[in-house]
Every structure is written in structure tokens, then in C-alpha cells.
2 protein chains.
Amino acid sequence: MPRVAASTEKKITALLKRQALSVTESRKRILQYFLDQPGALSHGDIEKKVGTTFDRVTIYRTLQTFVDRGLIHTIPSADNAVRYALCKDECGDGHHRHEHIHFVCQQCHHTFCLDEVVTPVLKLPKGYSPRQVEVLVQGKCKDCTETAKK
Amino acid sequence: MPRVAASTEKKITALLKRQALSVTESRKRILQYFLDQPGALSHGDIEKKVGTTFDRVTIYRTLQTFVDRGLIHTIPSADNAVRYALCKDECGDGHHRHEHIHFVCQQCHHTFCLDEVVTPVLKLPKGYSPRQVEVLVQGKCKDCTETAKK
DNA sequence: GAATTTTTTGCAACTATGTTGCTATTTTGG
DNA sequence: CCAAAATAGCAACATAGTTGCAAAAAATTC
Ligand SMILES: [Mn+2]
Ligand SMILES: [Mn+2]
Ligand SMILES: [Zn+2]
Ligand SMILES: [Zn+2]
């Protein structure tokens, strides 16, 4: 029995093919990693996970390719460590459309997409033309809040 | 006549003394740079400006000290380049309180504090405890919009 | 399914960014 | 002006990110 269910394998391959990407080991493994866990991942996280199997440069290039093709999006941070998360809506080649906000847990240091929370509409001073709004909330995440109660 | 007006010099010294900081050349120059321009600055910006006069390490430590003392605050980014801007409200030793949003111009690549725009109150899913909300708006800034009209 | 073309990978070399320990220098307060 | 405290510069290091190029792998064509 394979470590990764055949159905997941199929799903991953389909995801890559949909974006007209060659299906390679590194792309499959990195995409798998994103699917296997709920949060966002930094380049460093991925390197720790698969860095012995694949070259650092390959990871950089894979992430860039995924961003370009709309498979993942970047999440800004205040600590010089941009994170990446899967795009759930219909992002495509060259264009991202995200309306959700991001949550950074100050306790477990995980970053989550809160897909159900829509970015607010803001009234900006005259002259400023908004194109994209990013909201980054810091605090304590669901898991960490629940654990604290026990 | 000194290059920097004596009044500015006084102001800078006062700012440093208020936070119980030693008044040194590097701190004065870096604080001066922040006061001289409207936007936010990255470590790299500052290094380009004063990097021949002061050591890189000094700049890192100065920025960290300023953040710790509530003189400047960090602005998250999506490009692995955290920026810093002066605190206008009453931030102090160890605690920052900012309610304003930040604007990143995709044309001139400057980052601005929009002090007049208050961060929105968000309804989060059950379990998430917010502590700090950061809003980062990308688009075209005032100057770039006006220049385009001509 | 083998050959050819195209794409991706790994490696090396490099630049940039950030950190730490230590000593010399500067600043402070008396 | 002096002694104590704080800061700056340097060196050495660690981590992060980029580029060119040849080898390997994947896709395409036959
Ligand atoms: Mn997201
Ligand atoms: Mn600000
Ligand atoms: Zn958490
Ligand atoms: Zn602009």
C-alpha cells in the first residue's frame, strides 16, 4: 500500500496539469505538503521537510511557479518570512483574487487563511487608489485557545 | 549655517532623551532620515543612505532599539522586506498601539502610514482571539495618481 | 514505446540579509 | 574631568535568495 493514497496522487497530478505544469516529483511533494496541513508554509518550513530530497533552489523555483500559476498565494508578515498557502478560489495564470484575511497565532506561530472572513471595504483619503487589501490579524488561534481552557 | 536646522537637532535629541536613549551620531542620523521623508524605510533604504558612515550592524541594532522603545513600528510586507515608520501616537517602552493602516504604492514602491484610516473591527470565527489587526493596502498612491493625470 | 524536443533539476558560485561575541570608543552622570 | 555604562565597529558566522549552466527528467512526436 502506497504511503500516499492513490486518490490524493491523482488529485495532485490533476491540479498540476490544470495549470499546464509538468508533473515532477518535487512539485508533487511540495503540493502534497500544502494539502496535508491546514496552515501556511514558509520556504524554510518546506526546506526542513523536503530539503534533503530536493535542492533549495528547486524549492524557490517551485514556489515561484506555483504563485505565478495561481496555485498558492503569498501572505505578508512582519518578520521577514513570507508564507504561502493554497489558493482555494479560482486563481489562475497570472491573476490572484483573494478576499479573505489571514491569522497569525502568536502562541503556536502558525498562519491560517480565514476564508470565511471577507476583507473590509475601506474609505481611503482622496488620491489613493486601492487595488488589493491584505488583512493580517495576530492573536491566539482556535487550537491554542481551546488547549488553554483545559 | 549647519546643514540640519538647530531646531530639528533639538527635536531629535529630545525624542531620544524622552525614551532614555543615549544620544549618538547614528541614532540622530537615522531618526533624522525618518523625519525628513514621508514614507516608511527598510533596513536597506537606510543602509544605502548612511551605510558608508555607520556599520550595518549598528543600523540593525538602532532599528531594533527604536522599535523596542516605541519610536518606530514595523510594517509587514509581502516581499521579505519589513519596513519601519515613525510612531506618531503615544507608543512607549515595550508597547505599541496603532490603529492606522498602511498603503503600499505599486508604482513608486513607497509605503505610507495612513494615520487617518482606522483599522476595521472584524468578526472572526469562534475560537480566534484577535490582539492586533494589520491592514496593508496596495494600489496607487496620491503622488502617483496626480502625476498620471497631467 | 523509442526518439526528439522541451522543461525542470541540481550544482556551483555568488549576492544579500541578519546575528553574535568581543573590544574600542563614545556617552553619560557625577 | 573621571569612572561607569552604553554603544559602535569589526570579524566571523548563519541564513536567505539569485543566476548560469549542464545533466536529468518529462512531455511530445512519430
Ligand atoms: Mn490565504
Ligand atoms: Mn504606520
Ligand atoms: Zn496557535
Ligand atoms: Zn506611488
Side-chain angles (χ1 to χ4, degrees), chain A residues 9-10 12-33 40-69 71-72 74-84 93 109 111, chain B residues 9-10 12-33 40-69 71-72 74-84 93 109 111:
Chain A
E9 171 91 35
K10 281 258 175 74
I12 288 171
T13 302
L15 266 171
L16 291 172
K17 289 211 166 153
R18 189 188 309 164
Q19 308 297 336
L21 287 171
S22 301
V23 178
T24 68
E25 279 310 307
S26 55
R27 285 174 182 171
K28 282 194 288 183
R29 276 286 292 283
I30 292 172
L31 198 46
Q32 179 76 53
Y33 188 18
L41 298 170
S42 67
H43 175 273
D45 295 332
I46 297 167
E47 196 175 331
K48 274 182 206 104
K49 186 80 169 189
V50 302
T52 47
T53 316
F54 306 109
D55 194 81
R56 278 166 12 88
V57 178
T58 299
I59 299 171
Y60 281 113
R61 292 199 269 227
T62 301
L63 288 172
Q64 190 53 56
T65 302
F66 284 0
V67 170
D68 291 344
R69 297 306 174 92
L71 270 173
I72 61 177
T74 59
I75 302 169
S77 87
D79 69 343
N80 277 316
V82 172
R83 295 191 170 76
Y84 302 85
D93 206 345
H109 301 291
T111 298
Chain B
E9 172 91 32
K10 281 257 174 72
I12 288 170
T13 302
L15 266 171
L16 290 171
K17 288 211 165 152
R18 189 188 309 164
Q19 308 297 335
L21 288 172
S22 301
V23 179
T24 67
E25 279 309 307
S26 55
R27 285 174 181 172
K28 283 194 287 183
R29 276 286 292 283
I30 291 172
L31 198 46
Q32 179 76 54
Y33 189 17
L41 297 170
S42 67
H43 174 275
D45 294 332
I46 297 166
E47 196 176 330
K48 275 181 205 106
K49 186 81 169 188
V50 301
T52 47
T53 316
F54 306 110
D55 194 81
R56 277 165 14 87
V57 178
T58 299
I59 299 171
Y60 280 113
R61 292 200 268 228
T62 302
L63 287 172
Q64 191 53 55
T65 302
F66 284 1
V67 170
D68 292 344
R69 298 304 175 93
L71 271 174
I72 60 176
T74 58
I75 302 169
S77 87
D79 69 344
N80 276 315
V82 172
R83 296 192 168 74
Y84 303 85
D93 207 343
H109 301 289
T111 298

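Computed over heavy atoms, backbone and side chain alike; hydrogens, waters and symmetry mates excluded. Keep in mind that this is a model prediction, so the values were computed, not measured. A note on names: the letters A, B, ... follow the listed sequences, proteins ahead of strands, and every chain is numbered from 1.
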Using whole Å, what does the distance between atom [atom2] of nucleotide [N] and atom [atom1] of [X] come to?
X: A:Asp79; N: D:dA16; atom1: CG; atom2: P; result: 11 Å
X: A:Arg29; N: C:dG10; atom1: CZ; atom2: P; result: 12 Å
X: A:Leu16; N: C:dT7; atom1: CG; atom2: P; result: 16 Å
X: A:Gln19; N: C:dT8; atom1: CD; atom2: C1'; result: 18 Å
X: B:Lys17; N: D:dT7; atom1: NZ; atom2: P; result: 14 Å
X: B:Asp55; N: C:dT23; atom1: CG; atom2: C1'; result: 14 Å
X: A:Arg69; N: C:dT7; atom1: CZ; atom2: P; result: 10 Å
X: A:Gln64; N: D:dA16; atom1: CD; atom2: P; result: 17 Å

Closest approach of A:Thr74 to B:Ala78 (non-hydrogen atoms, all atoms of both residues): OG1-CB, 4.3 Å

Heavy-atom pair of closest approach, residues B:Lys28 and B:Thr13: CD-OG1, 4.2 Å

Side-chain donor/acceptor of B:Arg56 to base of C:dG18, under 3.5 Å: yes

side-chain contact (heavy atoms from CB on, under 4.5 Å) between A:Phe66 and A:Ile30, worked out: CA-CA 10 Å; A:Phe66 284 0; A:Ile30 292 172; 4.2 Å; yes

Polar side-chain atom of A:Ser22 near backbone of A:Thr24 as donor-acceptor pair, under 3.5 Å: no

Could you tell me whether [X] contacts a base, only the sugar-phosphate backbone, or nothing, with contacts defined as non-hydrogen atoms closer than 4.0 Å?
X: A:Ser26; answer: sugar-phosphate
X: A:Thr53; answer: sugar-phosphate
X: B:Arg61; answer: base
X: A:Thr65; answer: nothing

5' priority, DNA chain C, between B:Leu21 and B:Glu47 [closest heavy atom]: B:Glu47

Nearest-nucleotide comparison on DNA chain C, the residue closer to the 5′ end among A:Thr58 and B:Val82: A:Thr58

Hey, is the side chain of [X] poking within less than 4.0 Å of OP1 or OP2 on [N], counting only N and O atoms?
X: B:Ser22; N: D:dA6; value: no
X: B:Asn80; N: D:dG17; value: yes
X: A:Thr24; N: C:dT9; value: yes

Proximal nucleotide (of D:dT19, C:dT20, C:dT9) relative to the B:Val57 side chain: C:dT20

Residue whose nearest DNA chain D nucleotide is more 5′ - A:Val23 or A:Tyr60: A:Tyr60

No-hydrogen, no-angle side-chain donor-acceptor test under 3.5 Å, B:Thr65 and B:Asp68: no

